[in-house]
There are 2 protein chains.
Amino acid sequence: MPRTPRQPRAKATVNAIVEAGFLSLSEHGVQGTTTRHIADLAGVSVGSLYEYFANKEEVFEAMHHHMVAEVVAMVEPMTPALVRMEIRDLIKELLFGFRDLLEKNQGRYLRYMSYAAYFAPRNHMEPIQRLLMNLLLQYVIHHPQLARLGNLPAMGYIMINGGVFTVLRYLSEPNPTIGFEELVKGLGDMVAHFVEGELRKED
Amino acid sequence: MPRTPRQPRAKATVNAIVEAGFLSLSEHGVQGTTTRHIADLAGVSVGSLYEYFANKEEVFEAMHHHMVAEVVAMVEPMTPALVRMEIRDLIKELLFGFRDLLEKNQGRYLRYMSYAAYFAPRNHMEPIQRLLMNLLLQYVIHHPQLARLGNLPAMGYIMINGGVFTVLRYLSEPNPTIGFEELVKGLGDMVAHFVEGELRKED
DNA sequence: CGGGAATCCGAATTGAATCCGAACAAACAG
DNA sequence: CTGTTTGTTCGGATTCAATTCGGATTCCCG
């Protein structure tokens, strides 16, 4: 049963372990990331690690929460500005921000993401999906003509998942055949044309 | 150094091991899939497993090849018919076929796919991506008006990755909020409107 | 048949994950 | 201050899965 850290010293320990988790993942990949490794990098002993984490997986879960929290911290302040933009600009802003976040710290979040399906198999992207679905709703509220669009949940699902996963996959690619700008422009065009097309169909 | 099976008996062993890999993955997930487990399910000893596979990961790679081969075997015969269809019908045909394939055998391929990022981090989808890119090219050849479209590689990248990953993610979802038909229709609309919009822009 | 190659086996080895009890540090009451 | 309680850290002991290895068994060709 893992303990919750009370004293600041312990909180520092927990934090160091999570940091070390990202470091080790970047350096050695999943296979090479052992508890001893993490503990060494964190400057504590394995025993200490198991004081606060029931098992190795929980360390990865904590890393996951860090990442999600940062994404939320990025998107939420942007939201008021985003909902007033043209759709193409919104997508551009969002995806560039997303890329920068993922590549921060030698791509620690990106690296983590490519293994996330293993560590957090169930719904690991759900909070982010909800965040973006909320952004979409806010956007529709600020652009009432969009309310005429048909199946908003399905549209949102496709745009969010298609967009997020395509960008993730793109950024993980060792030598991509297209540029990130092209990708972002293409995604923007795709969504913009789709919206126009659907609105035209309504008439 | 793994040996290549020569006698039919050995080929059966190799096959049983790969089959057992899928079974074990379905039953016990990644964590629960041990070499002993696979060997037991295959009705052979661990030692035999290591005769033909250098390590556990190679078993997963063999499973991967099985899956990719089946996808190719599904798409290639469909191609001549697909390239003559309306874009929406093509997408519908392709995605329903894809779903059926993934859900065959109690979803063994789907189950495998959700862990694939871990086992085959580098380029594990590349053959499928190439297959679909080729389909796209053939399609453009049969619909010459599409040749006026702008950045085909980027478009293809987005449609293929966005489509494949969205469907994969959707099928892995325990209780999806939208129906598969809606998803397929939405993807079809998205692509169709995009094509129309781009063609209109060219004028 | 007889012998060498191919196949199969499962106990032994190895190394990582996890547990645990003792040692050390902080907080705090009297 | 000082004894006690509670929180924290440590690293060796244990457990379990991956992989190895030497020998037993089966196949197949001459």
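Just so we're clear, the structure is a prediction, and the values are computed from it rather than from any experiment. Scope of the values below: all heavy atoms of this structure, side chains included, with no hydrogens, waters or symmetry mates.
- Residue Arg6(B) places its side chain closer to dA6(C) than to any other of dA18(D), dT9(D), dA6(C).
- The aromatic rings of Tyr109(B) and Phe22(B) sit perpendicular to each other, their planes meeting at more than 60°, with 30° as the lower class boundary.
- Between Glu51(B) atom CD and dG22(D) atom C1' there is a gap of 12 Å when expressed in whole angstrom units.
- Within residues 34-49 of chain B, the residues that place at least one heavy atom under 4.0 Å from DNA chain C are, in residue-number order, Val44(B), Ser45(B), Gly47(B), Ser48(B).
- For residues 81-103 of chain B, the ring-ring contact (aromatic ring centres under 6.0 Å, His included) pairs, not counting sequence neighbours, are Phe96(B)-Phe180(B).
- Residue Tyr50(B) has no polar side-chain atom (N or O) positioned under 4.0 Å from OP1 or OP2 of dT20(D).
- With hydrogens and angles ignored, the 3.5 Å screen pairs no side-chain donor or acceptor of Asp189(B) with any backbone N or O of Ala192(B).
- Remark: side-chain polar atoms of Tyr139(A) are not paired, donor with acceptor, to backbone N or O of Leu146(A) under 3.5 angstrom.
- In terms of the salt bridge (Lys or Arg N to Asp or Glu O under 4.0 Å) criterion, Lys11(A) has no residue partners (sequence neighbours excluded).
- Between the C1' atom of dA17(C) and the CD atom of Glu58(A) lies a distance of 14 Å, rounded to the nearest Å.
- What separates OH of Tyr52(B) from C1' of dT20(D) is a distance of 16 Å, to the nearest Å.
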Task: Step-by-step side chain to side chain contact (heavy atoms under 4.5 Å, CB included) determination, His66(A) to Tyr112(A) - done: CA-CA 11 Å; His66(A) 261 232; Tyr112(A) 168 78; over 6 Å; no
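- Counting only residues at least two apart or in different chains, ring-ring contact (aromatic ring centres under 6.0 Å, His included) contacts with residues 29-48 of chain B comprise His28(B)-His37(B).
- Using a 4.0 Å cut-off on heavy atoms, the residues of residues 7-18 of chain B that approach DNA chain D are Gln7(B), Arg9(B), listed by number.
- With sequence neighbours excluded, the residues that form a salt bridge (Lys or Arg N to Asp or Glu O under 4.0 Å) with Glu198(B) are Lys201(B).
- No side-chain donor-acceptor contact under 3.5 Å links Ser26(B) to the backbone of Arg108(B).
- One interatomic measurement links the two molecules: CG of Asn55(A) to P of dA17(C), which rounds to 11 Å at whole-angstrom precision.
- Using a 4.0 Å heavy-atom criterion, one finds that Phe53(B) contacts no nucleic acid atom at all.
- Atom CD of Gln31(B) and atom C1' of dA16(C) are 13 Å apart (whole Å).
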